[in-house]
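Here the structure is laid out as structure tokens; the discussion comes afterwards.
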Protein chains: 2
Amino acid sequence: MKHRVTLKDIARHTGVHVSTVSRALDPAKSTTISDGMRKQITDAASALGYRPNRLAAGLRTNRSMTVGVMIPDITNALFPPIVRGIESVLEPLGYASILVNTDSEPEREARLVEVLRDRGVDGIIHAAALRQDPTIARAAEAGMPVVTLNRRIEGAEIPFVINDEDAGIRLAVAHLHGLGHRRIAHVAGPQNLSTGQLRAEAFRRAIRALDLPADPRLISEAQRFDEDEGARAAEHLLDTAPPFTAMVCANDRLALGALSVLRARGVPCPAEVSVTGFNNMPFLDRIEPALTTISIRQAEAGAIAARRLIALIGGEAPGGMLETVLPVELVVRGSTGPCPTLESPRDL
Amino acid sequence: MKHRVTLKDIARHTGVHVSTVSRALDPAKSTTISDGMRKQITDAASALGYRPNRLAAGLRTNRSMTVGVMIPDITNALFPPIVRGIESVLEPLGYASILVNTDSEPEREARLVEVLRDRGVDGIIHAAALRQDPTIARAAEAGMPVVTLNRRIEGAEIPFVINDEDAGIRLAVAHLHGLGHRRIAHVAGPQNLSTGQLRAEAFRRAIRALDLPADPRLISEAQRFDEDEGARAAEHLLDTAPPFTAMVCANDRLALGALSVLRARGVPCPAEVSVTGFNNMPFLDRIEPALTTISIRQAEAGAIAARRLIALIGGEAPGGMLETVLPVELVVRGSTGPCPTLESPRDL
DNA sequence: GTGAAAGCGCTAACAT
DNA sequence: ATGTTAGCGCTTTCAC
């Protein structure tokens, strides 16, 4: 590996002091340098193929131009668009992202926050899943710029970007209500995850608002956001809940599990039971039946979070507008249909 | 933001020199320190909450403990498992990954390689898509440890990890052949991408090996690996190619496009035309018909690439075993079925 | 407008 | 076994 060209090399080639070179190459300071000198230096720099050493600059300025991006699991189809959204604003500004997967494990998350701090990240974007994660709040209190996605940290001055979970669930419930459904069940997500909890709450509110039966047995809670748990929760509903004609699932993967169960039991969807998901994951328009779901703006959420973080890093006070709520949309597909008429007489 | 505790702080608190502290905290060097001293120092370190500044250490040692991970697009379902596979070996070793998306654009890729070098990454894992990318080869020649995924760089001593594309296509063709299909078409991927080209070549070889009709009109090339191009290429085949009863698609997204076209034209799959994909993307077991495809070991590929890179960084010569070929598997699902008997008489 | 010098936090000779 | 010294590449005061 050949010697990397440094400011010193440029200084030697131009017969000038390294500090002069440094200034000439810094757009913000280059005004204090004579035009001739500056041209001479920039020419030499590009001739020699100079590239600044960001580690050295970071050490000196305490600004690494790096941000940490913490997500539960990049393998979860929800997060890649968020990551790209983040990168789309950070990269043009000269920031690099260190990506870490927390697996939603508190200890792992705590360790990774430390790892990021050791590397001198200028800020952290935290696509939270856990409802309780003291680590990131502490980091923020210690002065680390932090923005969270999907989650508000209570009592902390941390800007956050969330989807309108409430509106999403309300749209799904209203859609089913419009189709004539009255007894609507909910396959809830894990209640220790923010989205799971928010959506379950939203479901209860939506049911109440429409004066529909709010039997707690119509809500079954999954332990994880995956197909197996969706199936388990759906079976539990079918076995123990009073009759229902629709299932609002807290996310698409739970809905997939619910659909499997319906198929396995020979319950036609949507003829007998309608199903909705949440997130609008890729390819769910291709399954049979195509899943009615709520689409969210992941990339935009990532981009906004990144912009907020840049502002924080730039010294802007977090106060004022902490919250950004992104709109969601109902995507109607084949898994929802009219409430079966045979059942109607039994309506309350 | 409070002052971060440094070696100097520990030195002050324990009344020894910073270099002693540095040694005591370095597992490799701590043997040269008396037990009492070491305990005193490590105690002080944890009491004060010391965390090493990796930027400073990296500047000094020229080892940032950071690697660059270049992928075309994290949004492509193929890559998240690879990224996790990489992280699963790198993170426990203390390495962090800077993730960048190249979008398969040569200029962008070239710039990002520079960005990574500026940040002093110790090595680069390059999940290549482009067949021609001189940039990464140059970086490797300049001494940067590099491992590529999915692609061999000709003439360079760069270890690479690939899937057995040839075997995958051969399995698909053999499977169809076993079902009685004789006239098999290929929806090829972009020929400027390594997988597109390798799979098309493999297809030709497989067809030849089985003495099947090798009409060039039975191969239609997509410009991108996406559903639209898969649809376009499939339509082209249906419109211009001699009759065929099966389509081997170069990846799953092309296959999805092909399936759409078949449905739109009222051609039943697999009754009249069977379809195969490649990659075994998530959820394709849920579509109608479920896609027969080739599963590949993404996470393992990432993990192996990471291990190879660590070895390179550790000074191991790249020579010897440059190549790692990972086995693939045929996953038979509903999109492939027996060759329609009505067509059989027209076999050659 | 440019040079000199100091120092970010750490490691690695070289001393003792 | 510990201290001294120097310096990684850069930025930033402070002189002139």
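So that the names make sense, note that chain A is the first sequence line, chain B the second, and so on, each numbered from 1.
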Taking only N/O atoms, report every protein-nucleotides 14-16 of chain D pair under 3.5 Å with atom names and distance.
none

Query raised in the report: Can you tell if the side chain of A/Val21 reaches within under 4.5 Å of the side chain of A/His17, non-hydrogen atoms only?
Result: no

Requested in this report: Grab the CG-C1' distance between A/Leu55 and D/dT11 for me, whole Å please.
Outcome: 15 Å

Query raised in the report: Taking atom CD1 of B/Ile313 and atom CE of B/Met144, what is their separation to the nearest 0.5 Å?
Result: 9.0 Å

**Report entry** Side-chain heavy atoms of A/Ile158 within contact of A/Arg152, under 4.5 Å
**Finding:** no

Query - Euclidean distance, A/Leu312 CG relative to A/Arg307 CZ, rounded to 0.5 Å - result: 14.0 Å

Query raised in the report: How is A/Ser19 classified with respect to the nucleic acid when contacts are heavy atoms under 4.0 Å: base, sugar-phosphate, or nothing?
Result: base

Query raised in the report: Are any of the side-chain nitrogens in A/Arg108 or A/Asp103 under 4.0 Å away from the carboxylate oxygens of its partner?
Result: yes

Query raised in the report: Rounded to the nearest 0.5 Å, how far apart are CG of A/Leu193 and CG of A/Asn150?
Result: 10.5 Å

Query - Derivation and outcome, side chain to side chain donor-acceptor pair (under 3.5 Å), residues B/Ser88 and B/Arg84 - result: CA-CA 6 Å; B/Ser88 73; B/Arg84 283 240 52 175; over 6 Å; no

Query raised in the report: Rounded to the nearest 0.5 Å, what separation is found between the CD1 atom of A/Ile125 and the OG atom of A/Ser97?
Result: 7.5 Å

Requested in this report: Using atom CZ of B/Arg119 as one end and atom C1' of D/dG9 as the other, report the distance to the nearest whole Å.
Outcome: 15 Å

Report summary line: Distance col, row A/Ile33:CD1 vs A/Ile41:CD1, nearest 0.5 angstrom, shows 6.0 Å

Query raised in the report: From the 5' end of DNA chain C to its 3' end, which nucleotides mark the outer limits of contact with chain A, defined by a 4.0 Å heavy-atom distance cut-off (strictly under)?
Result: C/dG1 to C/dG9

Query - Spacing of OH belonging to B/Tyr95 relative to CD1 belonging to B/Ile98, to within rounding of 0.5 Å - result: 13.5 Å

Below 3.5 Å is the cut-off: list the nitrogen or oxygen pairs between protein and nucleotides 6-8 of chain D, distance only.
unit_1: D/dG7; atom_1: N2; unit_2: B/Arg60; atom_2: NE; d: 3.4
unit_1: D/dG7; atom_1: N2; unit_2: B/Arg60; atom_2: NH1; d: 3.0
unit_1: D/dC8; atom_1: O2; unit_2: B/Arg60; atom_2: N; d: 3.4

